[in-house]
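Below: one structure, written as structure tokens.
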Amino acid sequence: MTILVPETLYTPEGYRHGLAVAFDERIRDIGDPEELAERYPEAERIETGLRSVLYPGFLNVHVHLEFSANRSRLKYGDFMEWLGSVIRERDTLVNEADNEVMTEACREMLRSGITSFGAVSSFGTDLEVCRKVPQRVTFFNEIVGSNPATIDALYQDFLHRVDNARSCDPSERITPAVAIHAPYSVHPFAVRRAVALAKEEGLPLSAHFLESPYEREWLEKADGGFKAFFEKFLKTNRPVTTIEEFLAHFDGYPTLFAHAVQTTEEERGRLAQEGHFVAHCPRSNRLLGCGRYPIEDQRVPVAVTTDGYSSNWSLNLFDELRAALMLHHQGPLQRLAERLIRSVTLDAARSIRSDAGRIETDAPADFALLRLPQDCDEEDLALHTILHTREAEAVWIAGEQVETKRPEHQSD
Ligand code: BEZ
Ligand code: FE2
């Protein structure tokens with residue numbers, strides 16, 4: 001048993017002072033430090049000192065590790081140009097993303113306090129790394145394919161990847177999960193089968209959804225930038241689904257929809273009503289010319305996430321939170337900062353059916369210890385946490401402190 005005594009504790013009810021946390025692989029008790037010391041006399045006690053703030057480990061629920069080798073090969077600014085560049089460069093990038101490259105991407109996440117991530121896996125080449133890293137990984141096996149002639153083979157390959165993720169040892173902390181690529185790129189037959197599998201087995205479920213203006217134009221009018229794309233690559237001139245038909249698959253099963261930038265008020269009302277979540281990727285959305293997700297719509301819980309190196313320049317979650325803070329310039333700053341912290345803890349955890357993301361009795365003992373540079377008002381704690389954190393000072397996963405420092409030869 002360990003007892004951590006920080007100056008401030010972040011709980012689902014807000015910031016608390018003068019409390020300690022006792023844990024083994026789960027949080028066993030929260031209370032007065034002296035009382036806990038008496039109750040658990042054998043426990044190791046760690047006082048973390050002035051201006052230390054203990055957070056639950058952060059969750060980055062949408063990342064593409066398989067594209068971790070990209071820095072400047074892909075074309076930014078316009079979604080269709082970006083997609084074209086992904087198709088051209090995909091083989092090179094996926095080849096370059098060897099285990100060392102993907103492991104370093106996971107270490108980068110760990111340094112920013114990410115103890116759990118959602119890996120959207122197109123090919124399964126990232127599973128070996130995910131099994132070895134200390135973090136909890138929700139392994140989103142992705143299905144893609146709109147051509148009905150190829151669905152059976154694609155679905156079998158998808159099932160095989162799900163099986164591989166399912167057969168990992170519990171000590172590897174892999175949760176198998178299902179990802180539908182997008183409404184325009186997956187045939188409804190395959191969507192139906194993959195969603196049914198998630199529902200039957202209670203697996204976390206995710207889908208890219210209404211990311212770019214082109215996507216809406218294609219699904220609603222069979223026109224716009226996707227028209228030439230589908231004619232060229234898939235020899236078809238009509239979409240496989242409508243927005244309404246796509247969403248209906250997920251009714252009654254809370255799902256994580258990535259981006260949702262181009263959703264209408266009415267569509268977000270439906271997401272809220274069905275208990276869905278939005279993975280909000282502010283930097284990716286900006287770089288791919290997709291627009292701004294209206295985070296001020298409080299009805300839908302959001303998880304702020306980095307997306308992958310295919311549309312970002314770092315996997316540091318605090319870089320992402322700072323981008324969100326700058327992008328959503330309307331509304332009260334402190335309230336936004338608090339919502340953003342919740343979006344990488346409790347709400348992110350709920351979006352992947354995880355019981356982490358909270359410092360409460362019985363929750364997993366995953367922590368990120370941060371330190372503020374100066375004292376600040378209580379109401380500014382979330383804001384200054386976002387502004388001033390580059391890396392966590394210490395990280396625990398399942399009760400064990402994990403090494404987060406860079407290898408000697410590396411620097412920023
Ligand atoms: C498809 O298989 O239809 C597809 C795959 C990736 C992007 C767009 C479409
Ligand atoms: Fe994505």
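Order of appearance sets the numbers: ligands from 1, and atoms from 1 within every ligand. Note: hydrogens, waters and symmetry copies are ignored here, and every other heavy atom, side chains too, is used.
Remark: ligand 1 atoms within the under-4.0 Å shell around heavy atoms of Gly145 are 2 (O). The atoms of ligand 1 that sit less than 4.0 Å from any heavy atom of Phe230 are 3 (O), 9 (C). Listed by number with element, the atoms of ligand 1 under 4.0 Å from a non-hydrogen atom of Tyr184 are 8 (C). Atoms of ligand 1 found under 4.0 Å from any heavy atom of Leu234, numbered from 1 in the order shown, are 1 (C), 3 (O).
Assignment of Phe233 to the shell around ligand 1 is not supported, since no heavy atom sits closer than 4.0 Å. For Phe229, the heavy-atom gap to ligand 1 drops under 4.0 angstrom.
Note on Lys132 versus Glu128: salt bridge recorded, some NZ/NE/NH1/NH2 to OD/OE distance being below 4.0 Å. A salt bridge links Lys227 with Glu231; the closest basic N to acidic carboxylate O contact falls under 4.0 Å. Salt-bridge annotation for Arg193 and Asp152: present, with a side-chain N of the basic residue lying under 4.0 Å from a carboxylate O of the acidic one. Between Glu267 and Arg270 there is no salt bridge, since no side-chain nitrogen of the basic residue lies less than 4.0 Å from a carboxylate oxygen of the acidic one. With respect to the salt-bridge test (charged N to carboxylate O, under 4.0 angstrom), the residues Arg111 and Glu108 do not qualify.
What sits closest to atom 6 (C) of ligand 1 on the protein, heavy atoms only, is Val144 CG2, 4.0 Å.
Between the side chains of Glu320 and Thr306, no donor N or O sits under 3.5 Å from an acceptor N or O.
At the Fe ion (ligand 2), the vertex angle linking NE2 of His208 with NE2 of His64 is 110° (nearest 10 degrees).
Closest to atom 9 (C) of ligand 1 by heavy atom, among Ser146, Ser185, Pro239, is Ser185.
Judged by a 6.0 Å distance limit and a 45° cone about the ring axis, Arg353 is positioned over the six-membered ring of Tyr253.
Because the distance cut-off is set at 2.8 Å, His62 qualifies as a neighbour of the Fe ion (ligand 2) through one of its N, O or S atoms.
Phe117 pairs in a side-chain contact (heavy atoms from CB on, under 4.5 Å) with only one of the listed residues (Thr305, Val61, Val133, Leu317), which is Val133.
The minimum distance between the Fe ion (ligand 2) and any N, O or S atom of Asp307 involves atom OD1.
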